[in-house]
Each structure stands twice: as C-alpha cells, then as structure tokens.
Number of protein chains: 2
Amino acid sequence: MLGGHHVKKLYNNGVEATLGVISGKWKPQLLCHLGNRPQRTCDLRQALPTISQKVLTQQLRELEADAIITRRVYGERAPFKVVYELTDLGRSLGQILIQMSLWGEQRATQLPDMEIRNDHAGFTHILEN
Amino acid sequence: MLGGHHVKKLYNNGVEATLGVISGKWKPQLLCHLGNRPQRTCDLRQALPTISQKVLTQQLRELEADAIITRRVYGERAPFKVVYELTDLGRSLGQILIQMSLWGEQRATQLPDMEIRNDHAGFTHILEN
DNA sequence: CTGTATCCCTGTAGATACTG
DNA sequence: CAGTATCTACAGGGATACAG
C-alpha cells in the first residue's frame with residue numbers, strides 16, 4: 001500500500017461491517033479458542049490441525065488489524081514466543097457469536113443433512129473477562 | 001446435480017452455519033428490504049440499483065434454498081410477477097441482524113475512516129411478523 | 001418482466017519451500 | 001518457533017447478451 005492512503009470504508013449497514021470482521025474460513029474457530037485464554041501460535045496450530053501456515057498468519061493479521069486481537073512477541077531472537085489475545089473489543093463480540101451459534105444449532109436440528117461439531121458453549125468463555 | 005446426492009454438511013460450530021446463510025455481498029441488504037414487506041424482483045432491483053441481473057437471482061436462489069425466503073410466481077405466461085417474501089425462519093434472524101448492525105455502528109463511531117449508510121432501524125421491521 | 005448463458009476478473013485459500 | 005515467498009486452484013461476483 002504505497003503512501004498509506006486513508007480509504008474511507010463504506011458499508012450499507014452495520015451487518016456488513018460486522019461480517020467483514022468475523023467472516024473468514026477460520027475466524028469463528030480462532031475466536032472460539034482465543035475466547036478461552038491467550039494462545040501461542042503453536043497452540044492454535046494444534047487446535048486447527050488442517051490450517052496452513054500462510055492462512056493462519058493471514059487470518060490472525062486481519063483480526064489484529066481490526067483490533068479484535070493483540071499480538072505480542074517475547075524473546076530477542078529465535079525461537080520466538082508469540083502470544084495472541086482477545087481485546088475488549090473482541091470480547092464484545094461474545095453475545096453475537098453465541099446467538100449465531102445457537103441459531104445455527106437450532107437450524108441443524110431441523111436439517112438431517114447438517115451436522116455441527118461443537119456447540120455454543122465453546123463461545124461462552126469469551127464473556128468471562 | 002446428477003443423482004441428487006445428499007452430502008452431509010459439516011460445520012465446526014453454529015457460527016459457521018449461520019454465516020453460510022447470511023454472508024454474501026448483497027444478502028444483508030436483501031434481508032433488510034424483505035424485512036419491510038414482500039417484494040417483487042423489480043422492487044429489489046430498484047432498491048439495489050448496482051446489483052447485476054445474475055447476482056440478484058443467484059443470491060435470492062441461495063436464500064430460497066436455505067428456506068430464508070419464499071419465491072412465488074404469478075401469471076401463466078410472460079410478463080410474470082415474481083414475489084419474494086421472508087419466511088418465519090428468515091424472520092428468526094431478526095435479533096441477530098439487529099445486534100450485528102448495532103455492533104457495526106458502534107465500531108464505526110470509533111473509526112474515522114469508516115462510514116455506515118443505514119442504521120439498524122432498517123432491520124427492526126423484520127421482527128414485526 | 002424475469003431469468004439463463006457466457007465469459008472474465010479478482011479475492012481467498014491451499015501446498016510447498018525457505019529464512020531469521 | 002514463527003513467518004515469508006511463490007505458485008496454484010477455485011468460487012464469488014460482475015458485464016453482457018439472449019430467451020420465455
């Protein structure tokens with residue numbers, strides 16, 4: 001991004017703005033795990049065994065840019081320890097995530113060809129500051 | 001779709017399932033307008049002047065397949081009258097959409113480079129059955 | 001009036017190899 | 001341990017023209 005222009009982001013409604021933050025193939029899972037406690041990169045890779053290096057970093061960078069998580073580096077030289085943690089703004093998504101999770105579960109009970117692995121309880125820890 | 005296979009959809013959590021239904025470049029706007037009242041195709045095209053033919057039909061078909069809206073055709077031959085209407089399941093998204101809209105608006109007040117055209121009031125009609 | 005059929009462009013994500 | 005650099009693949013979305 002040459003020059004660092006400030007491009008005014010325009011949304012038709014707040015829903016689009018919120019979707020821009022939480023949609024992304026792995027973001028709900030990342031938010032769920034980070035809701036429990038701060039996590040190192042290797043923790044997240046264990047929790048999401050099939051995500052690729054590149055995409056993990058990418059999604060975390062986006063969440064960081066949106067101020068949903070913080071990224072802290074410990075150590076002067078390799079090997080580094082990098083810790084990601086939910087911000088207060090990130091925690092403020094808790095109620096929305098739980099409601100969305102419940103709605104999806106409710107839907108799954110009515111569609112035989114749909115299955116959901118983890119229930120909304122995984123997101124409730126986000127609310128415990 | 002040859003054979004009509006039933007492929008079991010797997011989600012890690014309900015959030016992903018819900019996102020699958022409401023994400024899509026134009027779906028929040030479509031849901032907002034359909035929340036007011038049933039709408040004809042031409043109504044929706046007026047409301048969303050920049051959407052293309054193809055994509056409008058596409059997004060409506062997806063919402064229909066997900067049982068969020070119904071599609072009814074009136075008339076024996078062209079010109080047809082096609083009316084789209086929110087289902088009860090679609091209306092059950094109301095609270096979530098309002099919360100998401102509020103969160104997005106709140107966020108916009110803190111980010112100078114972000115603007116939201118319409119506020120959450122546009123979604124409140126969804127709740128009035 | 002509505003909807004389909006093409007063709008094309010771009011963004012998102014995956015695989016793999018490499019660096020500090 | 002964490003992250004970057006390429007290259008590749010695919011789906012979503014857009015433009016246009018055509019059909020019932």
Side-chain angles (χ1 to χ4, degrees), chain A residues 1 7 9-12 15-16 19-31 33-34 38-66 68-85, chain B residues 1 7 9-12 15-16 19-31 33-34 38-66 68-85:
Chain A
M1 183 184 49
V7 182
K9 269 270 180 188
L10 262 180
Y11 297 95
N12 292 293
V15 177
E16 292 177 4
L19 283 174
V21 169
I22 64 176
S23 22
K25 184 160 183 183
W26 306 91
K27 286 184 187 173
Q29 283 186 84
L30 287 171
L31 293 173
H33 287 289
L34 289 166
Q39 307 259 0
R40 297 190 52 178
T41 309
C42 53
D43 297 331
L44 292 173
R45 251 190 277 165
Q46 279 192 325
L48 287 58
T50 59
I51 194 174
S52 73
Q53 255 300 345
K54 193 195 82 168
V55 177
L56 174 59
T57 306
Q58 196 173 279
Q59 305 259 310
L60 288 169
R61 290 284 185 286
E62 290 174 12
L63 289 171
E64 190 192 2
D66 288 335
I68 303 301
I69 63 175
T70 58
R71 174 180 185 268
R72 270 190 285 261
V73 184
Y74 299 95
E76 286 300 313
R77 61 193 98 272
F80 295 108
K81 176 181 173 182
V82 179
V83 177
Y84 295 95
E85 184 171 3
Chain B
M1 181 182 53
V7 182
K9 269 270 178 187
L10 262 178
Y11 296 95
N12 293 291
V15 177
E16 291 177 4
L19 282 173
V21 170
I22 64 175
S23 32
K25 183 161 182 182
W26 305 90
K27 286 184 188 173
Q29 282 185 87
L30 287 172
L31 293 173
H33 286 290
L34 289 165
Q39 306 258 0
R40 297 188 54 176
T41 309
C42 53
D43 296 331
L44 293 172
R45 250 189 278 164
Q46 278 193 325
L48 286 60
T50 60
I51 194 174
S52 73
Q53 255 301 345
K54 192 195 84 168
V55 177
L56 174 59
T57 307
Q58 195 175 276
Q59 305 258 311
L60 289 169
R61 291 285 183 284
E62 290 174 10
L63 289 172
E64 189 192 2
D66 289 335
I68 303 302
I69 63 174
T70 58
R71 173 180 186 268
R72 270 192 284 263
V73 184
Y74 298 96
E76 286 301 313
R77 61 193 96 272
F80 295 108
K81 177 181 174 182
V82 179
V83 177
Y84 295 95
E85 183 172 3

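We use all heavy atoms of the structure for the numbers below, so side chains are in, but hydrogens, waters and symmetry mates are not.
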Mind checking [X] for me? I need base, sugar-phosphate or nothing, with any heavy atom below 4.0 Å counting as a touch.
X        : answer
Gln59(B) : sugar-phosphate
Tyr74(A) : nothing
Glu62(A) : nothing

Close N/O contacts between protein and nucleotides 18-20 of chain D (under 3.5 Å):
none

Please report the shortest heavy-atom distance between [X] and [Y], naming the atom on each side.
X        : Y        : answer
Gly24(A) : Pro28(A) : O-CD, 3.4 Å
Phe80(B) : Arg40(B) : O-NH2, 3.7 Å
Val83(B) : Tyr74(B) : CG2-CE1, 3.7 Å
Trp26(A) : Leu48(A) : CE3-CD2, 3.7 Å
Lys25(A) : Glu16(B) : O-OE2, 4.2 Å

Atom pair [atom1]/[atom2] of [X] and [Y] - distance to nearest 0.5 Å:
X        : Y        : atom1 : atom2 : result
Gln58(A) : Leu63(A) : CD    : CG    : 11.5 Å
Tyr11(A) : Gln29(B) : OH    : CD    : 13.0 Å
Ile22(A) : Asp66(A) : CD1   : CG    : 11.5 Å
Leu56(B) : Thr50(B) : CG    : OG1   : 11.0 Å
Leu19(B) : Lys27(A) : CG    : NZ    : 11.0 Å
Gln59(A) : Leu31(A) : CD    : CG    : 10.0 Å

DNA chain D contacts made by residues 20-28 of chain B, counting heavy atoms under 4.0 Å: Gly24(B), Lys25(B), Trp26(B)

Contacting residues from residues 38-46 of chain B, given that a heavy atom lies under 4.0 angstrom of DNA chain D: none

Intermediate values then yes/no, side chain to side chain contact (heavy atoms under 4.5 Å, CB included), Ile69(B) and Leu30(B): CA-CA 10 Å; Ile69(B) 63 174; Leu30(B) 287 172; over 6 Å; no

Specify the separation, in whole Å, of atom [atom1] of [X] and atom [atom2] of [N].
X        : N       : atom1 : atom2 : result
Ile51(B) : dA15(D) : CD1   : C1'   : 13 Å
Gln58(B) : dA15(D) : CD    : P     : 13 Å
Leu60(B) : dG13(D) : CG    : P     : 12 Å
Arg77(A) : dG3(D)  : CZ    : P     : 18 Å

Thr41(B) vs Thr57(B), side chain to side chain contact (heavy atoms under 4.5 Å, CB included): CA-CA, chis, key distance, verdict: CA-CA 9 Å; Thr41(B) 309; Thr57(B) 307; over 6 Å; no

First-last contacting nucleotides on DNA chain C - partner chain B, under 4.0 angstrom, heavy atom: dC1(C) to dT6(C)

With the criterion being N/O to N/O and under 3.5 Å, what pairs connect the protein with nucleotides 5-7 of chain D, and how long is each?
none

Heavy-atom donor-acceptor pair, Gln39(A) side chain to His33(A) backbone, under 3.5 Å: yes

Stems involving DNA chain D, each a run of at least 3 consecutive Watson-Crick or G-U pairs under 3.5 Å: C:1-20 with D:1-20

Contact check, side chains of Leu60(A) and Leu44(A), non-hydrogen atoms, under 4.5 Å: yes

